[in-house]
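All remarks here apply to the structure that follows.
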Amino acid sequence: MIPYETVDRILDTAQIADVVGDFVTLKKRGANYTACCPFHNEKTPSFYVSPSKGIYKCFGCGKSGTAVGFVMEHESLSYVEALKYLAKKYHIEVVEKEETAEEIAQKQRNESLLLVSEYAGKFFKDSLQTPEGQAIGYQYFKSRGLEDETIRKYGLGWAPTDRRALSEAARAAGYKEEFLTETGLCIRYDDGRLVDRFFDRVIFPIHSVSGRVIAFGGRTLKTDKTVAKYVNSPSTEIYDKSRSLYGIYFAKNEMSRQDKCILVEGYLDVLSMHQLGITNVVASSGTSLTVDQIRLIRKFTSNVTIIYDGDSAGIKAALRGIGLVLKEGLNVKIVLLPEGQDPDDFAKKHTLEEVREHIAANEQDFISFKTELLLGEAGNDPLKKANLINDVADTIALIPDAIIRAVYVRSCAGRFEIDEQILADRVNSSRTAMIIADKEQQDRERERAARMAQGTVPPPEMVGLEDIPPPPMPEDLVDVPPVVDMMPVQDGMFMNEPSLAPCEKEILGFILEEGCSVLEFDRDSKFYIEGETVNVAEFIDGILADDEADFMNEPYRRVYDEYFRMYDEGLSQQQIQNRLLNSMDNVVAAVAKDLLIEKYQITVKNYEQSMTATSTRLVQYVPKALMTYQCRKVELILQGLMSELASETDEERQMSLLAKISDYNRARTRLNNELGRV
Ligand SMILES: [Zn+2]
């Protein structure tokens, strides 16, 4: 659908650090960047971005890939979606042919659902401009103090009173009913009627981190108590409430710039604060925070300030789920607003300066907030007070950082007027119990995962990155069992025999990494030819062609063929690498990633080793890799012949087999001798 030239342009333009930097705060370290990995929970950075190689790699969880791969992984997008995202980011025009409703249905499911959501978002937005939308919805937004710019930016809209308005418009525009119901936008009743979920309500679209509309919240303006105040999209394939935060797309850059996230409760709180100029603000939309939401915040900052109404419901909401936040290592502060005011009211009644001052002056760390609150409730009741101390101790125990825990123990002991050691002991025992409980939980989960994995070996075409283990370091090549090994196995004959996979992999690695580098053989090398230069790719291809040898492992052969196809077209080494890494053929992409990116791992880890001049290494290791490969191949043939001999009863054929075996034995000895000299 996207023309090849456009794909190439996108791949050549996208800068990995720039792309990753939109989601993760990167710190420069030498030529690379590091960050805490967005794909797993960590406190010290093991996530690397290499601008020169155009790749990212996490040494913690092993995730790695190119800019396109990162966007796919991080945003759960398809390849094409990720390309479009990058095209948009770099203002590259993607001219696709006009799509019919039929073609839309052919697209990836997620994309279909996203497109329907996008359409609905536009529909609600346009409906706000109709006489009904203006009179009711727009009036409401205005009455809440929202400016046109805010309404436009957040895509606020109106769902018409007619309960079939959206479904009819969407179907007329070619959207399939299937996707309308699966996004939760429409409901098919048993009696056959298709109706809209959202009607007669103002609409707040919910955006993903990358800014796509994934769900909606609708608020009624009726005072009728039988009408639910809020109606929200259900969980769908593109929307998981527990993983989304309202406003994250508009707040993420400021969150990482200010290294702080302000958390409020509702849509209007976000909008008013944002409009006032406090733009690092998101909402958890009424529910208490989930672990996934916390991790989403932590991609941008580890400081969270929660602003809640001063009434008791607001305080209770603030207390709920906070344990999780502490446990994830976030620094939590609480700001209470004057009684009876929510952030929306407060933002409207004050200037930016006043709101900032109020936050700065009233920010209280969570532990002392809780202590004060509970102390007030306990009064002078000694039993209540003892319970409260235990409660606070349990809360402190959740904090992962030992020093921060110690600081809290000291200040709380002072506040409670008890011995510091007693409180410290209580915190420690609570923490031990918690760690044991967590470990048991993890064990149970791991066990369940292991049971599920048993007996489910993915078919070869399913081989993905996760299925390919880190490649061997050159020196311990021999000990690593091949994984992408598609060698034909006959009745278990070759089951325990040496395989060609590691050798083929090593050779392919040289081609992918250094294919266009010139091999500068010494004059006394047997490969030296007066007045001729040869590069790595041509040298290897020449030798393999002499042997009439094709790689035996299908994935490696595919990458090999693909490389030389592009090489013959005159593409540069870097262009070929880029195309392979981003190949639509999953197997090709997985192998290329494995080779190119894991090589990078070796380079980073063995920094000094990589200082050896590349040309010296190549002249030495490329012929060695080829000879090792030939050697293995001969060994394999020998083993085949031996087992044939073992089951052969005909004397004449036994003799001919023995002759062959002795030929191959000589070849093996010769190769081994040569190898010894290299
Ligand atoms: Zn990771």
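Side chains are part of it too, since the values below use all heavy atoms of this structure and drop only hydrogens, waters and symmetry mates. Numbering of ligands and ligand atoms starts at 1, following listing order.
There is no side-chain donor-acceptor pair under 3.5 Å between N428 and R405. A donor and an acceptor atom, one from each side chain of Y249 and R212, are nowhere located under 3.5 Å apart.
Between E554 and R558 there is a salt bridge, since at least one side-chain N of the basic residue sits less than 4.0 Å from a carboxylate O of the acidic one. A salt bridge is defined here as a Lys NZ or Arg NE, NH1 or NH2 lying under 4.0 Å from an Asp or Glu carboxylate O, and K252 with D22 fails to meet this definition.
Scanning for side chain to side chain contact (heavy atoms under 4.5 Å, CB included) contacts around C58 gives C37, H40, S46, F47, C61, with sequence neighbours left out.
Relative ring orientation between F70 and F23 is described as tilted, the plane-to-plane angle lying within the 30° to 60° band.
Of all protein N/O/S atoms, those lying under 2.8 Å from the Zn ion (ligand 1) come to 4.
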